Each structure stands twice: as C-alpha cells, then as structure tokens.
There are 2 protein chains.
Amino acid sequence: MAPMPTQRPYHHGDLRATLLKSAEHTLRTRGAAALSLRELAREAGVSHAAPGRHFKDKQALLDALALAGYERLAQTLETADEPGLALEQRLAGLARAYIGFAVDNAALLELMFARKHDPDVSEQLAAAVDRSVGSFTRLIADAQERGEIVAGDPERITLVAAAGMHGLAAFIANGTFPVEEALAGLDEHVHLVLHGLRPR
Amino acid sequence: MAPMPTQRPYHHGDLRATLLKSAEHTLRTRGAAALSLRELAREAGVSHAAPGRHFKDKQALLDALALAGYERLAQTLETADEPGLALEQRLAGLARAYIGFAVDNAALLELMFARKHDPDVSEQLAAAVDRSVGSFTRLIADAQERGEIVAGDPERITLVAAAGMHGLAAFIANGTFPVEEALAGLDEHVHLVLHGLRPR
DNA sequence: ACCTGAACACCGTTCAAGT
DNA sequence: ACCTGAACACCGTTCAAGT
C-alpha cells in the first residue's frame, strides 16, 4: 500500500522555496516586522526548527529575499529598457519601471536597502545591485558616446541619475510624496534631471 | 532620617527622557534591531513594565526617536544654510550637511524613513519632514526669484533637488557607495544636479 | 539529508497591586 | 501619577533524537 497522499510526508521536499514564497507574501501583505520563522514554519506545515536547515538564521532568509528582489528588479529594468529610444524617453522608461517596482514592492525595497546583511552575502548582494544599476550605466554610456550626456566619470554620472530615481522612490515608498502625483510628474522629473535646475 | 541617596527612589523622575537617550545610544552603537524595551528598562534600573507608562508600545518609542531625529536634521540644515552664498555653493553647503547627518546617523535615518509610523503621529512627522525639507524649499524659492532656477512648480523642483540628495544619502548609508568617495565628489554631484546631465 | 520535540533565553504587552 | 511583579503569548536558536 502506498502512503495516503493527503498526509504530508516526513520530508517536505521543497521547504526552502516554500518558505521564501510564503515570506514574500507576508512581506507584501503585512510588512517586514510581521515576518517570523516560526509562523512561516507553521504555514508550511513543518516544525519550527525545520527552517534552520535551510537558513542558518533569520537574517539569512532576509538576505535571500533581498537577493531575489534585486534579481527581479534587474530583470524589470532590463525588460523596460528600450535602447532605440531618444535619451529622455529612454530614461523616462527606466524611471517609470523603477518607480513602479518601488510602489509595488515597497516593503521588499526597504529590505533590499537595509544595511545589515551578512558579510558573506554582501558580495553577492553587491553583484545584484550592480546588475540593477547596470541598465542606468548602459544608458549613460550609450548617450555619452553620442555626446548627449556630459563628459566625465560615467560612474559618477550614473550615480547622479540613479540617486535622483532612488530618492524619489524612497519618498514615495515611505509616503512623503503621494504616488499618483509622483507618477504624473515623472516625465518632468526626468527632464529636470537631464536638463538641470538652472535655466538654459 | 532621610532615605539613603545611593539607592534609587521608587519614582525614577525622568524615565521618558532617560529611555529616549538610552535608545539613541543603542541605535547608534548596535542598530535598530538591538532595541528592546526590556533592555532599556534594565539600563534605566527600572522594571520591564515601567516604559509602558511613557510609551504605549514599542512603535511609540520609535516614533519619538524619529521625530527627534527630524528636529535635529531640520536644525542641522537650518544652521548649515547660508542664504548669502551663490546658488551652487549654497546648495553644496546644504548637501554636505545632509550627507554628513546621514553618515553620522545612518541607523536613525533608516528609522526616520521607515514607513510604519502610527497614524496618530504621522501628521506630527509630516510637519517635521516639512521643516527639514524647508531649507531646500527656501533655497529654491530664493533662487527662482532671482531667475537662477528654472520656472515651474517650486515644490516639484525642490523634490528633484531633495531626491537627488536623499538618494545619494541612502546609497551611502547602506554601503552601496563608499562614504569618502561620495563626500569628495559632492560638489560635482551638486553641479550636475543644477546643470543637468546633458551638455550645455 | 532532512525534520521533530524539547529546552533555553529572550521578547512585547497587560494588569492587579503596591507607593 | 508612577512603578512593580507576575502572567501570557509569542519569538530565534540549538541540539539530541528520530526517519
């Protein structure tokens, strides 16, 4: 006789992925403060000590979430980027994608930008950040070649562009600035970043 | 006979302020995750339930810390602002003050920008944010009057300037961008925000 | 290799009772 | 008005033991 399929086997089989999925859901619906390993274990129908086999501690799970977040963000930006567009439209597209991600994943973004990751994963994390910033870097480099962006250290120029987007995303994510207003004015924001605050 | 002065009286006398001071210290030295009401009570030499008289829950203490942080930030910016300077130097001064605050108070800034404050205090918090942003707003308004800043909604232009600074501060605070490099290139960053990324 | 169950040392919050 | 002490319902983490 085969064992009853309705009853959970002793080994879960895919606990790590299940925990991460469940954690993402909790993060989205109830915020990072509501994340508890014991609760995730309960939801997975597993003992409270089982998560310890897959994540050495709670921070390891948070790091894994952050890493997955960067992967998703990087892919979102890469998909959104249209290299054929004129500079301003291209940057606006990236900005819209980034702000959209920030709005849809506010709690995750906060976790991604928390400064308390294990040193072991911080290089993995740095690589993931680089991939996310990469879309901006490419845009700047392309435009610089065409003379559409000021000469100078491309890393610094990318930083200015990315900081402008990230600062806006942070203001939106924490409610300092209303979402709709920010989205409605995004093209103007991008225009001001490209053309500067001084009159021409 | 008077009671022994070496022994703590039943009433602490200034528990609320003591808890806040102790919390600020823990925040600075060990980060937000290490904050515990019970530990703060222990350090104050008081029972673990005593903090409950002064803060209805832990979030209330975090909110009080955030509020005090904004007060300090606002004052730092107001002190740093020199309205007599030329626009670019004036903005650079504000930027240096803000980034300096971010570097010296990374954990506090993270707490200040967390999006989970009680609705009761969120209007107080909004007022404190406005006061902090106020220095940037005044600078923009002054410069607009002199025609040194593009015409248009001053709130939006302030947002672009403040987002540029805050994004940089966030990158520094979480280690994405090294502190010294950011400080060394701050004048150039400000220049790029004012003059734009497009060639003139 | 993966999971359980018990144990340990913590939490935040509440509430009657003390001063 | 302010604080204590006990109680309650949670945590994260560890570790022998089970499958």
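To find a chain, count down the sequence lines: A is the first, B the second, and so on, and within it residues start at 1. Nothing here was measured: the structure is a model prediction, and the numbers come from that model.
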Nucleotide dC2(D), atom P - distance to CZ of Phe55(B) in whole Å: 13 Å
Watson-Crick or G-U pairs under 3.5 Å in DNA chain D, rendered as dot-bracket with [ ] for crossing pairs and | for another strand: ||.|||||...|||||.||
Atom CG of Leu40(A) and atom C1' of dG12(D): how far apart are they, to the nearest Å? 12 Å
dG12(C) P sits how many Å from Glu39(B) CD, rounded? 9 Å
Using the test salt bridge (charged side-chain N to carboxylate O under 4.0 Å, His left out), find all partners of Asp63(A) that sit at least two apart in sequence or belong to another chain. none
Separation of His12(B) atom NE2 from dC3(D) atom P, in whole Å? 8 Å
Enumerate the side chain to side chain donor-acceptor pair (under 3.5 Å) contacts for residues 94-114 of chain A, please, sequence neighbours excluded, ordered by first and then second residue. Arg28(A)-Asn105(A), Arg72(A)-Asn105(A), Arg96(A)-Asp187(A), Tyr98(A)-His166(A), Glu110(A)-Arg115(B)
Short side-chain N/O contact from Ser36(A) to OP1 or OP2 of dC10(D), under 4.0 Å: no
Listed in order of residue number, which residues of residues 15-31 of chain A have a non-hydrogen atom at under 4.0 Å from DNA chain C? Leu15(A)
Is the shortest side-chain N/O distance from His54(A) to OP1 or OP2 of dC3(C) below 4.0 Å? yes
What pairs of nitrogen or oxygen atoms, one from the protein and one from nucleotides 4-6 of chain C, lie under 3.5 Å apart?
from   : atom 1 : to       : atom 2 : distance (Å)
dT4(C) : OP1    : Ser47(A) : N      : 3.3
dT4(C) : OP2    : Ser47(A) : N      : 2.4
dT4(C) : OP2    : Ser47(A) : OG     : 2.8
dA6(C) : N6     : His48(A) : NE2    : 2.9

Round to a whole Å and report the spacing from CG of Leu37(A) to C1' of dT13(D). 9 Å
Which residues share a salt bridge (charged side-chain N to carboxylate O under 4.0 Å, His left out) with Lys21(B), sequence neighbours left out: none
With Glu181(A), which residues qualify under salt bridge (charged side-chain N to carboxylate O under 4.0 Å, His left out), at least two apart? none
Scan residues 151-160 of chain B for pairs that pass side chain to side chain donor-acceptor pair (under 3.5 Å), counting only residues two or more places apart or in two chains. none
Rounded to the Å, how far apart are Lys58(B) NZ and dC10(D) C1'? 13 Å
For residues 32-40 of chain A, which side-chain N or O atoms pair as donor and acceptor with protein atoms under 3.5 Å away, sequence neighbours left out?
from     : atom 1 : to       : atom 2 : distance (Å)
Ser36(A) : OG     : Arg38(A) : N      : 3.3
Ser36(A) : OG     : Glu39(A) : N      : 3.0
Glu39(A) : OE2    : Arg30(A) : NH1    : 2.7
Glu39(A) : OE2    : Arg30(A) : NH2    : 3.2

Judged by modelled atom types alone, do Glu43(B) and Ser22(B) share a side-chain donor-acceptor pair under 3.5 Å? yes
Does Arg42(B) place a side-chain N or O at less than 4.0 Å from the phosphate oxygens OP1/OP2 of dC10(C)? no
Can you list, pair by pair, the side-chain donor-acceptor contacts under 3.5 Å of residues 188-198 of chain A, counting residues two or more places apart and other chains?
from      : atom 1 : to       : atom 2 : distance (Å)
His195(A) : NE2    : Glu88(A) : OE1    : 3.2

Mind calculating the distance between CG (Leu35(B)) and P (dC11(C)) to the nearest angstrom? 11 Å
Would you check if the side chain of Ser132(B) reaches a backbone N or O of Tyr70(B) as a donor-acceptor pair within less than 3.5 Å? yes
Residue set satisfying salt bridge (charged side-chain N to carboxylate O under 4.0 Å, His left out) with Arg138(A), at least two apart, ordered chain then number -> none
Side-chain donor-acceptor distances from residues 168-180 of chain A under 3.5 Å, at least two apart:
from      : atom 1 : to        : atom 2 : distance (Å)
Asn174(A) : OD1    : Thr176(A) : N      : 2.9
Asn174(A) : OD1    : Thr176(A) : OG1    : 2.5
Asn174(A) : ND2    : Ala170(A) : O      : 3.3

